[in-house]
Amino acid sequence: VQLQASGGGLVQAGGSLRLSCASASGRIYSSAVMAWFRQAPGKEREFVALTRWSRDSTMYADSVKGRFTISRSSAENTVYLQMDSLRPEDTAVYYCARGSQWTVRPTEYFSWGQGTQVTVSS
């Protein structure tokens, strides 16, 4: 499954952005787990949020809980990340990924989008 991430940009602290991750190769199967990760310069890639494609189950990193919301559209084969109350420390390249395990480990995901830059100014 090819994934295409979009929606990044420059925003002031306290602002919002919505990231999208579309499946370029069509349908995402119900067993899939879709996740967002991010990587800041000089840091390791870190988990942000994940959801099961076929259920409303979600999980968030503590650092984004209450500010970010992951959702999906089966009709559009797209997963979203709504980011509110953004902070400068949210600045990173954001990646979407597809896997089959309910895990926060990026090594368990086997399909990745190309990344989209999010920059939050103070």
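Each residue takes its place number in the sequence, starting with 1. Hydrogens, waters and symmetry mates are skipped; everything else that's a heavy atom, side chains included, is used.
Hydrophobic clustering (ILVMFWY, side-chain heavy atoms < 4.5 Å, transitive): Val118 and Leu3 are in one cluster. Note on Val120: it clusters hydrophobically with Met83, by side-chain heavy-atom contacts below 4.5 Å among ILVMFWY residues.
In terms of heavy atoms, Trp102 sits closest to Arg52 at CZ3-CG, 3.4 Å. The two residues Arg98 and Ala32 have their closest heavy-atom pair at NE-CB, 3.6 Å. Of all heavy-atom pairs spanning Ser73 and Tyr80, the tightest one is CB-CE1, 4.0 Å. Closest approach of Phe68 and Val48 over heavy atoms only: CD2-CG1, 3.7 Å. The shortest non-hydrogen separation linking Gly115 to Ala5 is N-CB, 4.4 Å. Between Gln117 and Thr91 the shortest heavy-atom distance is NE2-CG2, 4.0 Å.
Counting heavy atoms from C-beta outward, Leu17 and Leu86 have side chains that approach closer than 4.5 Å.
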Practice problem: List the steps and the verdict of side chain to side chain contact (heavy atoms under 4.5 Å, CB included) for Met34 and Ile28. | Solution: CA-CA 9 Å; Met34 303 298 294; Ile28 298 175; 4.0 Å; yes

Practice problem: Could you please spell out the steps behind the side chain to side chain contact (heavy atoms under 4.5 Å, CB included) verdict for Ile70 and Val79? | Solution: CA-CA 7 Å; Ile70 188 170; Val79 63; 3.8 Å; yes

Exercise. Quick one: do Thr119 and Val11 satisfy side chain to side chain contact (heavy atoms under 4.5 Å, CB included)? Show the steps, please.
Key: CA-CA 6 Å; Thr119 303; Val11 64; over 6 Å; no

Practice problem: Evaluate salt bridge (charged side-chain N to carboxylate O under 4.0 Å, His left out) for Asp56 paired with Arg72, printing each intermediate quantity in order. | Solution: CA-CA 9 Å; Asp56 288 333; Arg72 72 214 186 283; 3.2 Å; yes

Self-check item: Audit row: Tyr95, Cys21, side chain to side chain contact (heavy atoms under 4.5 Å, CB included) steps and yes/no
Solution: CA-CA 9 Å; Tyr95 299 89; Cys21 176; over 6 Å; no

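Between Phe37 and Trp112, a ring centre-to-centre spacing shorter than 6.0 Å is recorded.
Put simply, the side chain of Ser63 never gets that close to the backbone of Ala61: no donor and acceptor are under 3.5 Å apart. Side-chain N or O atoms of Thr116 include none that pairs as donor or acceptor with a backbone N or O of Ser6 at under 3.5 Å. No donor-acceptor distance shorter than 3.5 angstrom exists from the side chain of Ser23 to the backbone of Asn77, with no hydrogens or angles considered. Distance alone, capped at 3.5 Å, places no donor-acceptor pair between the Arg45 side chain and the Gln39 backbone.
No cation-pi contact links Arg105 to Phe47, judged by a cut-off of 6.0 Å to the six-membered ring centre and 45° from its axis.
Counted by atom type alone, Arg38 and Tyr94 present one or more donor-acceptor pairs between their side chains at under 3.5 Å.
Expressed to the nearest 0.5 Å, how far OG of Ser85 lies from CZ of Arg87 amounts to 7.5 Å. The OG1 atom of Thr107 sits 11.0 Å away from atom CD of Gln101, with the distance rounded to the nearest 0.5 Å.
For Thr69, the side chain to side chain contact (heavy atoms under 4.5 Å, CB included) test picks out Tyr60, Gln82, with sequence neighbours left out. With sequence neighbours excluded, the residues forming a salt bridge (charged side-chain N to carboxylate O under 4.0 Å, His left out) with Lys65 are Asp62, listed by chain and number.
Other residues, nucleotides and ligands place more than 12 heavy atoms under 6.0 Å from the CD atom of Glu108.
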